[in-house]
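Order of listing sets the numbers, starting from 1, for every ligand and every atom in it. Just so it is clear, the model here is predicted, and its values are computed rather than measured.
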Amino acid sequence: MANPKSVLPLYEKNWYKHTYKRVLDSIILILLLLLLGYRLVSVNNYSLPWFVAFMCECWFTLGWIFTMSTQWNPALVKTYPQRLLQSVEELPAVDIFVTTADEELEPPIITVNTVLSLLSLDYPSHKLSCYVSDDACSPLIFYALQQASNFAKHWVPFCKKYNVQIRAPFRYFNDDNDECTTNNEEFRQEWLQMKDMYENLSREIDVDPKSIPSLLEREFAIFSNTNRTNHPAIIKVILENKEMVENGLPHLIYISREKRPKQPHHFKAGAMNVLTRVSGLITNAPFMLNVDCDMFVNNPKIVQHAMCILLDSRGEKEVAFVQCPQQFYATLKDDPFGNQMTILYKYLMAGLAGLQGPFYGGTNCFHRRKVMYGLSSDDVENGSNKLSEEELKQKFGASNELIKSVVHTLERRTYSPSDINVKKTVEEANHVACYGYEYGASWGKQVGWMYGSIAEDILTGLTMHEKGWRSELCTPDPVAFTGCVPSDNITNMSQHKRWVTGLLGIFFSKHCPIFGTIFTKLSFREFLAYMWIINWGINPFVQVCYSCLIAYCIIINSYFLPKVSSKKYTNTYQC
Ligand SMILES: O=c1ccn([C@@H]2O[C@H](COP(=O)(O)OP(=O)(O)O[C@H]3O[C@H](CO)[C@@H](O)[C@H](O)[C@H]3O)[C@@H](O)[C@H]2O)c(=O)[nH]1
Ligand SMILES: [Mn+2]
C-alpha cells in the first residue's frame, strides 16, 4: 500500500541520552551490590534476620537490574501523518473492537460515549467498522447503541465540521467547557442543539431495563429468555455504510457471543477472538484497534498516527502492534492510588520503546491481523506462510468462509469494498460466534488472543515478541485515549489483585519468559523487562517482610543492619 517513491520515513525513533539518570541508577546498583557483598563477608552475623534480610536485598537488587536495564535506552517515536497522506495511495481499513461485560459496572452511557468518539475519528468512514462485544448480553446496551447511532448521524458531522477535539459528548459538554461562548453564531446554535440532543440521548438510555421490550418490539425478541451466562450468539447490524461513502458513518455491529453454563468462555480473550472471527467474515480489515468500553478517543487523528508506524516500510516488516498509553481523566487529587501509572508510562514504557517494544496493554492498541493469525516475522520475510486447507481448518476452525478470509489476510490481499456485504455475512458470523466453534482449533493457543491468564494482554504481546516481532509506542499530542479509573480503594485493590495473579500465572506457566529468551526470539533485555512486570506482585511481600524485620529485631534485641559500634566501624575509625 505504501508508495515506493516516497523517500521520507513515516515515523522516526530517537533514542535520547539521560546521563544524569544513568549515573544515579548505577550508584544505586553499586550500593545494593555493596550491601550484598557486606552480608556475605560478615559471616559472624549469620542469623535468621540476617538471612531474611539477605534474601530481600537479593530481590531488591534483581528488581533494580530489571528496572535499570529497561530504562537505560529510552526512545521517543515521532509520527508524520501529513507524509502518510502523500505517500499512501489508499488508506487501509481498520476494524475497531469495543468490549463491554457488565451493564452495572460499565454503564451503557460510558460505552455509548466511547463508541461515538470512535465513529467520529478523523479517518475515511468507509474504512472504519466498529464492533461492540457485549458479554452481558444486555438488551439495554443494544438499545443504547441503537439510540446512539441516531445521535451519531448529527454528532459525527458536527465534530468534523468544527474540528472538535474531544469527541465523547459527555466530556465535551462537561460543566467547565466554555466552547459555546464563541462569537460564531452558527456554531453556537449548533452547539446548543447538539447539547440538547445529547441530553435527550442520556435520558433515553437511563431507563429501567424492564421497560426495554416494549421499546424494541420485534428486534428485542431475540433477547427474551436469555441471561448473561446462557444464550445463543446475537449479532445485529446497527449501522451499515452501504454506499461506502467516505463522509458517511462507519459500520456499527453489536455482538454477544454464545454462552452456555459450565462452558469456558475465556473472559476478555474469548470475546476478542469472537470479534476477530466475526470481523474477519464481515470486513476483514488488515488492522484492528481494540479499546475497552471506558476508554474514549482524545486525539481524533490517532488512526493516522498509528498507520504511520504500521505502513512505514520498516514497520511493515517488523512491527506487530502499536500501543498507545492509558491515561485517565478526573482522577483524585495527587493520584493517591497511582492510577495514572506514571512510572510505568513515563519511564518504563519509554525505555521499552528503545528495546523490542512496549508490552501490549489490552486496550488502546492497533494490531496487525496477520500477526494475530499466528504469522512470525520470519514467515513474512521468507514468504513461507502457505498452509494446506487441512492445516487451515485445524488452526482456524471449520468455517469455509472464514478460511477464505484468513487466506486473503495471510497472502496480504485485502477485501475490496465490493466484497463486503454486512447483512449477508451475518448468518455465517453467528456460526463463528458460537462457543463450540473453537473446539479442536488453535484459537487462544496459536492464533488470536491467548488463553490461560486473566492478564491476556501481556501474554498475547509476549507471544508476538517471542515470534520476533517488535512493537512501538505511539504518543501523539494530545494523548490518544483517556479513560475512567476506579476511584475507590476496594475496586482498585481488586483490579491490582487480578492483574498480579494473571501476571504471576504467566511466570509459573509454560509461557514463562525465561524459556522465551532461551528458545525463541525474545531479546534478552526485553525478557528482563517482562520479568519486571510479571513479578510485580511479589514486590509488596518482600517490602512488607523487610519492614517487619526492624520491628522483629527490636523485639528480640537483635539487628540486621550494620551497627556503628560494630568492630568494623571501630577499626576504620582507629586507622
Ligand atoms: O469476560 C469478560 C471480562 C472483561 N471484558 C472486557 O474487558 C475489558 C477489560 O476488563 P476490566 O475488567 O475492565 O479490566 P481492567 O483491569 O480495567 O483492564 C485492564 O486489564 C485487563 C486485563 O489485564 C486488560 O485486558 C484491559 O485491556 C486493561 O485495560 C472491559 O472492556 C470488559 O468489558 C469482557 O469483554 N469479557
Ligand atoms: Mn476496565
Side-chain angles (χ1 to χ4, degrees), residues 96-108 110-115 118 130-138 141 145 228-229 231 254-259 263-276 278 288-296 321 323-329 331 337-341 344-345 349 358-367 433 435 444 448-462 480-488 490-506 530 533-534 536-537:
I96 306 171
F97 302 159
V98 180
T99 46
T100 178
D102 193 311
E103 59 191 359
E104 273 170 36
L105 294 176
E106 300 166 337
I110 296 285
T111 309
V112 154
N113 270 277
T114 300
V115 169
L118 290 162
C130 181
Y131 295 84
V132 181
S133 155
D134 172 20
D135 264 354
C137 188
S138 157
I141 292 179
L145 288 171
R228 54 178 305 145
T229 54
H231 64 87
Y254 169 92
I255 303 171
S256 188
R257 61 188 166 133
E258 185 186 17
K259 289 235 190 106
Q263 296 301 330
H265 59 83
H266 304 293
F267 307 96
K268 181 179 173 186
M272 295 308 293
N273 284 338
V274 169
L275 285 166
T276 309
V278 171
M288 308 181 282
L289 160 63
N290 111 256
V291 279
D292 287 351
C293 60
D294 51 8
M295 273 284 164
F296 63 82
F321 61 90
Q323 176 68 54
C324 305
Q326 293 191 40
Q327 275 207 358
F328 302 95
Y329 62 86
T331 46
F337 303 131
N339 293 121
Q340 296 289 15
M341 296 183 274
L344 181 68
Y345 279 104
M349 284 301 219
F359 310 130
Y360 165 41
T363 177
N364 313 350
C365 189
F366 292 81
H367 283 282
Y435 81 86
W449 270 258
M450 294 295 133
Y451 299 155
S453 166
I454 24 175
E456 85 299 325
D457 42 359
I458 297 289
L459 183 56
T460 307
L462 173 64
F481 300 90
T482 51
C484 313
V485 81
S487 52
D488 67 290
I490 301 293
T491 329
N492 199 274
M493 272 164 57
S494 81
Q495 188 185 43
H496 278 73
K497 188 177 130 235
R498 192 156 33 82
W499 287 345
V500 296
T501 358
L503 290 169
L504 277 172
I506 302 177
Y530 271 107
I533 189 134
I534 282 178
W536 173 35

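In terms of modelled atom types and a separation under 3.5 Å, the side chain of N273 and the main chain of W449 share a donor-acceptor contact. Looking at Q326, its side chain never comes within 3.5 Å of a backbone N or O of G483 through a donor-acceptor pair. Looking only at distances, a side-chain donor or acceptor of S453 sits under 3.5 Å from a matching main-chain atom of G502.
Heavy-atom contacts of G361 reach the following atoms of ligand 1: 27 (O), 28 (C) (cutoff under 4.0 Å). If you number the atoms of ligand 1 from 1 as listed, the ones under 4.0 Å from a heavy atom of T100 come out as 33 (O), 35 (O). The G362 neighbourhood of ligand 1 comprises atoms 27 (O), with distances under 4.0 Å to a heavy atom of that residue.
Protein heavy atom nearest atom 14 (O) of ligand 1, with residue, atom name and distance: R498 NH1, 3.2 Å. The nearest heavy-atom contact from the protein to atom 19 (C) of ligand 1 is W499 NE1, 3.6 Å. Ranking protein heavy atoms by distance to atom 15 (P) of ligand 1, first place goes to Q495 NE2, 3.6 Å.
At least one heavy atom of A455 sits less than 4.0 Å from an atom of ligand 1. Residue-ligand proximity: G483 is placed with every non-hydrogen atom at 4.0 Å or more from ligand 1. Using a 4.0 Å heavy-atom cutoff, M295 is absent from the residues neighbouring ligand 1. Using a 4.0 Å cutoff on heavy atoms, C293 counts as a contact of ligand 1.
Counting heavy atoms only, I454 comes closest to atom 22 (C) of ligand 1 of the residues L459, T491, I454. For atom 18 (O) of ligand 1, the nearest non-hydrogen atom from the set D294, D292, L275 belongs to D292. When the heavy atoms of D102, T99, N492 are ranked by distance to atom 6 (C) of ligand 1, first place goes to T99.
In this structure, atom 1 (O) of ligand 1 has protein heavy atoms in its sub-4.0 angstrom surroundings.
For the pair A101 and A136, the tightest heavy-atom approach, listed with the atom from each and the gap, is O-CB, 3.5 Å. Closest heavy-atom contact between P325 and N364: O-ND2, 3.2 Å. Looking at every heavy atom in both residues, F321 comes nearest to G461 through CE2-CA, 4.0 Å. For the pair F481 and M295, the tightest heavy-atom approach, listed with the atom from each and the gap, is CB-SD, 4.3 Å.
Ring geometry, F267 versus H265: the interplanar angle exceeds 60°, so the pair is classed perpendicular (tilted spans 30 to 60°).
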Report task. Output, in order, the C-alpha distance, side-chain angles, deciding distance and verdict of side-chain contact (heavy atoms from CB on, under 4.5 Å) for Y360 and I458. Result -> CA-CA 6 Å; Y360 165 41; I458 297 289; over 6 Å; no
Requested in this report: Please report the C-alpha distance between I506 and Y530 in whole Å, then the side-chain angles of each, then the deciding distance to 0.1 Å, and finally whether the side-chain contact (heavy atoms from CB on, under 4.5 Å) criterion is met.
Outcome: CA-CA 10 Å; I506 302 177; Y530 271 107; over 6 Å; no
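Below 3.5 Å of separation, one finds an N or O of E456 facing an N or O of ligand 1. Considering backbone and side-chain N/O atoms, H265 never comes within less than 3.5 Å of an N/O atom of ligand 1. The shortest N/O to N/O separation between S133 and ligand 1 does not fall below 3.5 Å. Considering both main-chain and side-chain atoms, D135 comes within under 3.5 Å of ligand 1 through a nitrogen or oxygen pair. Backbone and side-chain nitrogen or oxygen atoms of A271 are examined, and none is located within less than 3.5 angstrom of a nitrogen or oxygen of ligand 1.
If you run side chain to side chain donor-acceptor pair (under 3.5 Å) between K268 and each of D457, D292, T99, only D292 comes through.
For the atom pair CE of M288 and OG1 of T276, the computed distance is 5.0 Å after rounding to the nearest 0.5 Å. Between the OG1 atom of T100 and the OH atom of Y254 there is a distance of 9.0 Å, given to the nearest 0.5 Å.
Both the backbone and the side chain of K268 come within 4.0 Å of ligand 1, counting heavy atoms alone. With a 4.0 Å heavy-atom cut-off, ligand 1 is reached by the side chain of E106 but not by its N, CA, C or O. At a heavy-atom cutoff of 4.0 Å, ligand 1 is contacted by no atom of V98, backbone or side chain. In D457, the part holding a heavy atom less than 4.0 Å from any atom of ligand 1 is the side chain.
Ion pairing between R257 and D135 holds under the 4.0 Å rule for side-chain N and carboxylate O.
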